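Chain A is the first sequence line, chain B the second, and so forth, proteins listed ahead of strands; every chain is numbered from 1. We use all heavy atoms of the structure for the numbers below, so side chains are in, but hydrogens, waters and symmetry mates are not. The structure presented is a predicted model; accordingly, all values stated were derived computationally and were not measured.
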Amino acid sequence: MTLCEKLSKGKFVITAEVAPPRGIDYHKVLSGLKPLKGKVDAFNVTDCQRSMVRMSSLVMSHLLLKEGFEPVLQLTCRDRNRIALQSDLLGAAALGIRNICLMTGDFTTLGDQPDAKPVFDLDSVQLIELASSLNRGCLMNGKEIDARTNFCIGAVFNPFAGPETLQVWKLEKKVKAGARFIQTQPIYDIKLAEEVSELISSTGAYPIIGLLPIKSLKMANFMKKLNPTSVPDSLVEGLERSSDPARYGWEYVVDLAKGIYEFGKGIHFMLVGKVKELANFIDYLRNNGRGNEKN
Amino acid sequence: MVVVRLKPLEDILREVSGYGKVFIFGCQLGSARCKNGGLREAYRVAGFLESKGIKVSGVKSPGGTCILERLTSKDVLREAGRNSDVILSLACGAGTQLIAEHVSIPVLTGVSTLFIGVEREGKHFDEYCIACGECVISETGGICPIARCPKSLVNGPCGGAIAGKCEVDPSIPCIWYKIASRMEEIGEIEKLRKTMPPKDHRSCIYPRELNLEGRS
């Protein structure tokens, strides 16, 4: 069953993030993901996240697909104008890439090539409209193409960003434009995860809650710098007290995931490493969670 | 106004060295207003260059070097061209080019042209407009998200707008907070629910022109 079919059937979905290599050797990335094959529903391939150059997300998505992993191609507005975005999306469709996750993208100056020209020809809402237009068989300018694409379109939402009213309206714009699933920034509070799930569901989209295990106090502080209200004090205190902060951070997120499994629709692991633990945890979740969700 | 920044004096010295006599142009519009290229700064540069042994043949700062009529009215161009080997202009990029079009000696610039902006409290100058050619501020409470959001987002803030700050530079506020409170204040916040279409970039393909010929 594809991710898209799972969404249609209301299954609980589990996705994970994959960063393409900073180079050309992709074999290591693929072999590292093997334990997750058949467990993670789809792999979200990032598009030069944090504005650091990596292998093309389109190419990496294709390589994953070839190896039997289902990819979610991330595409941002940072580096491509509307011509390039349409061109890449048509290429993705031709390669059989079904899932796409569209976002504005981090700004250029935040990365390791701050002297690059920022593009931002479109914004996330307009990019989603563009993909929906391809799904209707038309380019952005209304010209018909030889076939309709069949993209399952996703977008992102940061519950910690403001102003709140405008963030929610932008979320609604994305769903209205054609986003079927919404992936969130990492959340560390079960109550908030539930509220955000409900908010996203109320717009008509499928909520996929972002989870990022915190490996150390240093990482917690980094996350706090990005989203000051996202990391609860209890988590920081736990990390401080723990003799093995990495394990503590992992178990914290695992507990959160179990909680979300009870009421939610999906989770997205934005993790690097911990592949075996994640595989074991998914087995546990599928076998011990809600009866109707066993695949 | 057009805001400029005077180059470091040492850099200016390096640029004019080897040319002989230097005529210095300031501009009493933007360059003077932002205190980086008006008559006062032109004299300051002249004093510095002379202290380094450079001959300065004249200093002038017309009330608008980007306006041909003002450049030519008092014969300043001819005076500059006659006595000098090189012109150093502290006018914005536009004014400096207009000077260069009307003299036969080299023209160098002593400033970098920064932006179209406003002056606050006489000391702060902020970019408010990028002259994109398709104004949207009627829809956004008179505040421009194209010029004042680094990503030029027109459909609301990005996910990096944390605690009112811009992710690109946390020292500046996210402009969408200002737009939201302004729209709330004037009772038009609901307008922001509307999806704004992609920009037609033909409106900002340069060089652009405005032609009044034939207008009654």
Task: When A/P159, A/P163, A/P118, A/A161 are compared by non-hydrogen pairs under 4.5 Å with chain B, the top option - done: A/P163
- [ ] Identify which part of A/E172 has an atom lying under 4.5 Å from any heavy atom of chain B, answering side chain, backbone, both or neither.
- [x] side chain
TODO: Report yes or no: does A/S132 contribute a side-chain atom to a donor-acceptor pair with the main-chain N or O of A/I128 at less than 3.5 Å?
DONE: yes
- [ ] Can you measure from CD1 (A/I153) to CD1 (A/I100) and round to the nearest 0.5 angstrom?
- [x] 5.0 Å
TODO: First locate atom CZ of B/F48, then atom CD1 of B/I12, and finally report the distance between them rounded to the nearest 0.5 Å.
DONE: 8.5 Å
Open item on the list: Quick check on A/D121 against chain B: is it the side chain, the backbone, both or neither that has a heavy atom closer than 4.5 Å?
Closed with: both
Open item on the list: Let's test your reading of the structure: which of A/L122, A/L110, A/V119 forms the most heavy-atom pairs below 4.5 Å with chain B?
Closed with: A/L110
Open item on the list: Within this structure, what is the OG-CG distance for the pair B/S51 and B/L49, rounded to the nearest 0.5 Å?
Closed with: 7.5 Å
Open item on the list: Need one label for B/I179: side chain, backbone, both or neither, based on atoms under 4.5 Å from any heavy atom in chain A.
Closed with: neither
Open item on the list: Heavy-atom cut-off 4.5 Å, strictly under: side chain, backbone, both or neither for B/S152 against chain A?
Closed with: neither
Open item on the list: Minimum heavy-atom separation for B/I143 and B/K178, please, with both atom names.
Closed with: CD1-O, 3.7 Å
Task: Shortest non-hydrogen contact between A/C77 and A/L127, atoms and distance - done: SG-CD2, 3.8 Å
Open item on the list: Check whether A/F107 forms a cation-pi arrangement with A/R78 (NZ or CZ under 6.0 Å from the six-membered ring centre, at most 45° off the ring normal).
Closed with: no
Task: Region of A/M140 that comes under 4.5 Å of a non-hydrogen atom in chain B - done: side chain
Open item on the list: Given B/E188, which partner from the list B/E184, B/E185, B/K191 fulfils the side-chain contact (heavy atoms from CB on, under 4.5 Å) test?
Closed with: B/K191
Open item on the list: Minimum heavy-atom separation for B/V16 and B/L108, please, with both atom names.
Closed with: CG1-CD1, 4.0 Å
TODO: Would you mind checking which part of A/L226 comes under 4.5 Å of any heavy atom in chain B, side chain (CB onward), backbone (N, CA, C, O), both or neither?
DONE: backbone
Task: Residue, of A/L130, A/L166, A/N81, A/N227, that accumulates the most heavy atom pairs under 4.5 Å with chain B - done: A/L166
Task: Partner chain B: residue of A/E129, A/K176, A/Q185, A/R82 with the largest heavy-atom pair count (under 4.5 Å) - done: A/R82
- [ ] Among B/M196, B/K194, B/R193, single out the residue with the greatest number of heavy-atom pairs under 4.5 Å to chain A.
- [x] B/R193
Task: Greatest number of heavy atom pairs closer than 4.5 Å to chain A - which of B/P198, B/G159, B/G156 - done: B/P198
Task: Side chain, backbone, both or neither of B/P197 within contact of chain A (heavy atoms, under 4.5 Å) - done: backbone
